[in-house]
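Here it is, the structure in full.
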Amino acid sequence: MILITGGAGFIGSNFVLDWLAQSAEPVINLDKLTYAGNLENLAALGDDPRHSFVQGDMGEPGVVDALLARHQPRAVLNFAAESHVDRSIHGPEDFIQTNIVGTFRVLEAVRAYWANLPAEQKTAFRFLHVSTDEVYGSLGAQDAAFTEEHRYEPNSPYSASKAASDHLVRAYHHTYGLPVLTTNCSNNYGPFHFPEKLIPLLIVNALAGKPLPVYGDGLQVRDWLYVKDHCSAIRAVLQGGRLGEVYNVGGWNEKTNIEIVHTVCALLDELRPRADGAPYQAQITYVTDRPGHDRRYAIDARKIERELGWKPAEDFDSGIRKTVQWYLANPAWVEHVQSGAYREWVQTQYAGNAS
Ligand code: NAD
Ligand code: DAU
């Protein structure tokens, strides 16, 4: 079996659903259930015995150690993090605790567990750390996309905390020989994306008749990847990645923020036109820019393609259409996230077996 952290978040829950759709191998899912953790994302699993959910903080000493001792996984995948840049600007402390101290605790637990495994399991074991392109900083308009050799230049408390965690992972490989793999991925979008991030925020605000906030001039560039392609990249790296290596993951899909806004508005005009017949673009509102806002991210994903044969399956037109359709088809999920009712899901759905 595998142990994952953060499997009730956006990418982690997509990963668990994809994993169990393709494999009989069980998943232990450790998640603290912060505001970003939502067990409704995993509702489709019902009481599938291959999925064991454990509510807990990976940063608390002993938590991961106990799970490793009990379940003896062949791999640990670290998705858990505080992930929202704007929150990191308002309050960096949780980012330091979870992304740095939390990853450190997981590494310590994994190191002790791995050191005592029998030779064959020790050789097969993997620790995979899920990270971000934001550790590389910001690109100018004409700069080449980030390769794995790009210098670390994090600019926000979020990206600095992720950079620190990446360095710890690297150090545990070099110092202790821990069999680690790191992925640095670009912006994801798709189902179960928490509506504080740009794309789901646009969809839910548009439908609610609220402003569509565009930071600054809206010409910042992000490289968008459909979340299921990120999941397939992680599976490919887990299976075939070279130990100690970093793999950049991206969609070759750079868009300005304002292009994203116009695309989402146009899809909603087609799929759920406003009652008054006006275009959703009427709701666009330019607002104060994010402090220290990175101008452009772009991933050079040639290494993972060359070494592991991975390529994104979804292009942006189909991925964004599926995403808008998903939000339109799941008003209860959106309503529960907005009202906070999703936080009661543990009690209602998992009474007695979430520990
Ligand atoms: P998310 O915020 O949606 O989910 C994070 C999950 O981690 C939540 O379920 C939360 O409850 C859990 N968590 C937080 N602190 C924890 C702790 N101390 N112990 C256990 N669980 C804890 O994040 P996401 O967007 O799914 O991102 C997942 C990972 O992928 C993160 O490491 C992030 O840095 C990275 N990443 C995200 C993107 C993106 O576009 N969203 C892109 C590249 C990389
Ligand atoms: O690049 C990978 C990163 O992508 C991940 O590591 C982060 O966890 C993830 O949150 C995401 O970070 P961004 O800051 O790029 O994503 P966000 O959705 O917050 O913003 C995308 C862009 O849109 C960014 O340039 C800021 C802008 N924006 C965002 C919001 C929420 C707006 O213009 N208006 C908004 O209301």
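The shown structure was predicted, so the numbers you read here are calculated from the model rather than taken from an experiment. Start at 1 and go down the list; that is how both ligands and their atoms are numbered.
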### Query
Relative to ligand 1, is T5 under 4.0 angstrom through side chain, backbone, both or neither, heavy atoms considered?
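No part of T5 comes within reach of ligand 1.
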### Message
Quick test: of every protein heavy atom, which one is nearest to atom 32 (O) of ligand 1, and how far off is it to 0.1 Å?
### Response
K162 NZ, 2.6 Å
#### Entry: Selected option - heavy-atom contact closest to atom 24 (C) of ligand 2, from R296, H293, K162
H293
### Nearest-contact summary for atom 37 (C) of ligand 1 - protein heavy atom, Å
I11 CD1, 3.3 Å
### Query
Counting from 1, what ligand 2 atoms have a heavy atom of D133 closer than 4.0 Å?
1 (O), 2 (C)
### Task
Please report which non-hydrogen protein atom sits nearest to atom 4 (O) of ligand 1, along with the residue it belongs to and the distance in Å to one decimal place.
G9 CA, 3.4 Å
### Task
Do me a favour and list the nearest non-hydrogen protein atom to atom 33 (C) of ligand 1 with residue, atom name and distance?
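Of every protein heavy atom, Y158 OH, 3.6 Å lies nearest to atom 33 (C) of ligand 1.
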### Part of S131 with heavy atoms under 4.0 Å of ligand 1, whether side chain, backbone, both or neither
backbone
### Message
I need the contact type for T98 against ligand 1. Using non-hydrogen atoms and a strict under-4.0 Å cut-off, is it side chain, backbone, both or neither?
### Response
side chain
### Identity of the nearest option to atom 18 (N) of ligand 1, non-hydrogen atoms only, from V227, D57, T132
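Answer by nearest heavy atom: D57.
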### Query
Under a 4.0 Å N-O cut-off, is there an ion pair linking E245 with K303?
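Salt bridge: yes.
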#### Entry: Nearest-contact summary for atom 30 (O) of ligand 1 - protein heavy atom, Å
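Scanning the protein heavy atoms, the shortest distance from atom 30 (O) of ligand 1 goes to V130 CG1, 3.4 Å.
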### Sub-4.0 Å atoms of ligand 2 with respect to non-hydrogen atoms of H84
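Selected atoms, number and element: 19 (O).
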### Query
ligand 2 and Q220, any nitrogen or oxygen pair closer than 3.5 angstrom?
no
#### Entry: Atom indices of ligand 2 within 4.0 angstrom of K197 heavy atoms, with elements
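That gives atoms 10 (O), 18 (O) of ligand 2.
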### Shortest reach to atom 6 (O) of ligand 2 by a heavy atom, considering only Y297, Y158, Y215, Y189
Y158
### Summary
For atom 13 (P) of ligand 2, the closest protein heavy atom turns out to be E134 OE2, 3.5 Å
### Message
Using a 3.5 Å cut-off on N or O atoms only, is T34 in polar contact with ligand 1?
### Response
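Yes, T34 has an N/O under 3.5 Å of an N/O on ligand 1.
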### Query
So does K122 have more than 12 non-hydrogen atoms from other groups sitting under 6.0 Å from NZ?
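Counting other residues, nucleotides and ligands, NZ of K122 exceeds 12 neighbours.
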#### Entry: Of Y327, F194, F316, F10, the residue whose pairing with Y189 passes ring-ring contact (aromatic ring centres under 6.0 Å, His included)
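The passing option is F316.
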#### Entry: Identity and separation of the nearest protein heavy atom to atom 11 (C) of ligand 2
N187 ND2, 3.5 Å
### Protein contact to atom 20 (C) of ligand 1 [nearest heavy atom, distance to 0.1 Å]
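Looking only at protein heavy atoms, the one closest to atom 20 (C) of ligand 1 is K32 N, 3.3 Å.
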#### Entry: Cation-pi geometry met for R290 and Y215 (6.0 Å, 45°)
no
### Query
For atom 21 (C) of ligand 2, which protein heavy atom lies nearest, and how many Å away is it?
L198 CB, 3.9 Å
### Task
Using a 4.0 Å heavy-atom cut-off, say whether W224 meets ligand 1 through its side chain, its backbone, both or neither.
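It is neither; nothing of W224 touches ligand 1.
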### Query
Would you say V214 has any N or O atom under 3.5 Å from an N or O of ligand 2, going by distance alone?
no
### Distance from atom 8 (C) of ligand 1 to nearest protein heavy atom, with residue and atom
D31 OD2, 3.5 Å
### For atom 9 (C) of ligand 2, closest protein heavy-atom neighbour
S83 O, 3.9 Å
### Query
Is any side-chain heavy atom of S83 closer than 4.5 Å to a side-chain heavy atom of K197?
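Touching, per the 4.5 Å side-chain cut-off.
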### Task
Using distance alone, decide if ligand 1 has a nitrogen or oxygen within less than 3.5 Å of any nitrogen or oxygen in N38.
no
### Summary
atom 5 (C) of ligand 1: of A81, C185, A36, G250, the nearest heavy atom sits on A81
### Query
Is the number of heavy atoms from other residues, nucleotides or ligands under 6.0 Å of R170 CZ greater than 12?
no
### Query
What protein heavy atom sits nearest atom 20 (O) of ligand 2, and how far away is it?
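Its nearest protein heavy-atom neighbour is R290 NH2, 3.9 Å.
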### Query
Where is the nearest protein heavy atom to atom 1 (P) of ligand 1: which residue, which atom, and how far?
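Protein heavy atom at minimum distance: S83 OG, 3.5 Å.
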### Query
Are R242 and Y247 in a cation-pi setup, meaning NZ or CZ lies under 6.0 angstrom from the ring centre and within 45 degrees of the ring axis?
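Judged by the rule (NZ or CZ under 6.0 Å from the ring centre, within 45° of its axis), R242 is not positioned above Y247.
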#### Entry: ring pair (Phe, Tyr, Trp, His ring centres under 6.0 Å) between F192 and W326, worked out
CA-CA 9 Å; F192 306 117; W326 186 88; 4.9 Å; yes
